[in-house]
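As structure tokens, the structure follows; a few thoughts come after it.
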Amino acid sequence: MKIKNLGFLFERIAYKNYNPCIIFKDSKKFSFHEVNDLSNKILTFFKKNYINEKDLLALESTKNIFSLSCILACLKGGIGYSFIELFSAQKRVDEQLNQLRPKKIVTFTKKYKSKKNLFFSEKNLEKIKNIKGKPLKLKNKSYLAYVMFTSGSTGKPKGVKISHNNLVYFIKWVNKFLKLKKKEIFSNINPLHFDNSVFDIYGSIFNGFPIIPINKNEFFEGKKLIKKFNNLGCTTWFSVPSFLDLILRTNSEKIFRNNKFKRIIFGGERFSIKSIKKIYKFVSKKEIFNVSGPTECTCICSAHKVTNKDLAKKNDNIFVGKINNYFKYKIIN
């Protein structure tokens, strides 16, 4: 049977899977089974609050076990979602919400508590935990999965709609292109309202591998961040080049020594060959990838593995790679 629904796919992955799914730290790990169970309870909670199939939710862009489980609850229920950075410029937030016109804004912050919003208070979180989950009857069909905002060429927020079907192809490509093995753990450095996070979330847990979400308070502590990834056995790093450059400027490149990374992936910006050389020698399989793609193409549409030949170039241009094979395209002369 061809899988079209991502909630259906996750149920299959999580069945009898007690391995870690989401890892915040050694003492705070949640198994696939636990995350699956929590997402079912959140979906029941949504339905009790009159949120149904084909509705759209705005989710506060905060990384915790509940916000990440909300993604799965939405996918299972055929509910679209969009992560909004509620603490960014109010004008931008208003423009995004005007475009979305969500059924509810799901928030964890008391500042946004209102009758119109669905506030995940401590009381509500306890209610959710105590919900007796019933087996869900999921429809194996493609819905709107999420709306991701990009500034585009105008500087104004533009909501891009991505379906379950788009993501099914993307998930398969990640697995095939990276040749994922048994013991893989993905980083989630990218903010949830930024489209690079699509690779982090869908490339990892929907291929049956754990993810390590990184919050803002960890973002600018390079040494601690690398140490955390090392201790937790992170194999796949993905970020914008400017973040890697920031770490290299504020720390010695030797902080990458003894890491567990099989691959480092960057995209969205130019990354100098000089910077790549500094970390290349510390990546176990010498796998560094430059990826590219607009939000409309489900995060990534092309990828290139950096080679010794690239590093020997006198200029700083790295090939963006070939179009991924799950895209149909036409070359126009």
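Side-chain atoms of D310 and T307 form a donor-acceptor pair, as typed in the model, at a separation below 3.5 Å. Side-chain contact annotation: D195 with T295, donor-acceptor N/O pair under 3.5 Å present. Between the side chains of N36 and K76, at least one donor N or O sits under 3.5 Å from an acceptor N or O. Using a 3.5 Å distance cut-off with no hydrogens or angles, the side chains of D245 and S242 do not pair a donor with an acceptor. Of the N and O atoms on the side chains of E60 and T109, at least one donor lies less than 3.5 Å from an acceptor on the other residue.
Side chains of L118 and I51 form a contact here, defined as non-hydrogen atoms less than 4.5 Å apart. A 4.5 Å side-chain heavy-atom check between F120 and S67 finds every atom pair outside the cut-off. At least one side-chain heavy atom of N196 sits less than 4.5 Å from a side-chain heavy atom of V240. Looking only at side-chain heavy atoms (C-beta outward), L72 and F206 come within less than 4.5 Å of each other. Here the side chains of F66 and V106 are not in contact, with every heavy-atom distance at 4.5 Å or above. Using a 4.5 Å heavy-atom cutoff, the side chains of K227 and K224 are not in contact. Looking at N49 and K103, their side chains never come closer than 4.5 Å, going by heavy atoms from C-beta outward. Using a 4.5 Å heavy-atom threshold, the side chains of I171 and L6 count as touching.
Considering H164, E53, K4 as possible partners of Y143, the one that fulfils the side chain to side chain donor-acceptor pair (under 3.5 Å) test is E53. Evaluated for a salt bridge (Lys or Arg N to Asp or Glu O under 4.0 Å) with E287, the options K262, K305, K179 yield exactly one hit, K305.
With sequence neighbours left out, S239 forms a side chain to side chain contact (heavy atoms under 4.5 Å, CB included) with I189, W237, F243, L244.
Here the straight-line distance linking atom OG of S197 with atom OH of Y146 works out to 8.0 Å at 0.5 Å rounding. Note: M148 CE to K161 NZ = 15.0 Å, rounded to the nearest 0.5 Å.
By the 30° and 60° cut-offs, the orientation of the rings of F186 relative to F199 is tilted.
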### Task
Kindly determine whether T235 and F209 satisfy side-chain contact (heavy atoms from CB on, under 4.5 Å), including the steps that lead there.
CA-CA 11 Å; T235 61; F209 301 114; over 6 Å; no
### Query
Which is it for F261 and F282 under the ring-ring contact (aromatic ring centres under 6.0 Å, His included) test, yes or no, and what are the steps along the way?
CA-CA 8 Å; F261 296 126; F282 296 120; over 10 Å; no
### Task
Would you sort out whether L75 and L9 count as a side-chain contact (heavy atoms from CB on, under 4.5 Å), showing the intermediate values?
CA-CA 10 Å; L75 295 171; L9 174 60; over 6 Å; no
### Task
Begin from the C-alpha positions of S187 and I212 and carry the test side-chain contact (heavy atoms from CB on, under 4.5 Å) through to its verdict.
CA-CA 5 Å; S187 67; I212 305 172; 5.6 Å; no
### Message
Evaluate K158 against E296 for side-chain contact (heavy atoms from CB on, under 4.5 Å), listing each step before the verdict.
### Response
CA-CA 10 Å; K158 180 180 71 171; E296 290 84 350; 2.8 Å; yes
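Counting only residues at least two apart or in different chains, salt bridge (charged side-chain N to carboxylate O under 4.0 Å, His left out) contacts with residues 80-89 comprise E85-K216.
Residues L56, I84, L86, F87, V93, L97, L100, I105, Y112, L144, V147 make up the rest of the hydrophobic cluster containing F149, defined by ILVMFWY side-chain heavy atoms closer than 4.5 Å, directly or through other members.
The shortest heavy-atom contact between P157 and Q96 is CB-CG, 3.8 Å. Between A58 and P102, the shortest heavy-atom distance links the atoms N-CB, 3.7 Å.
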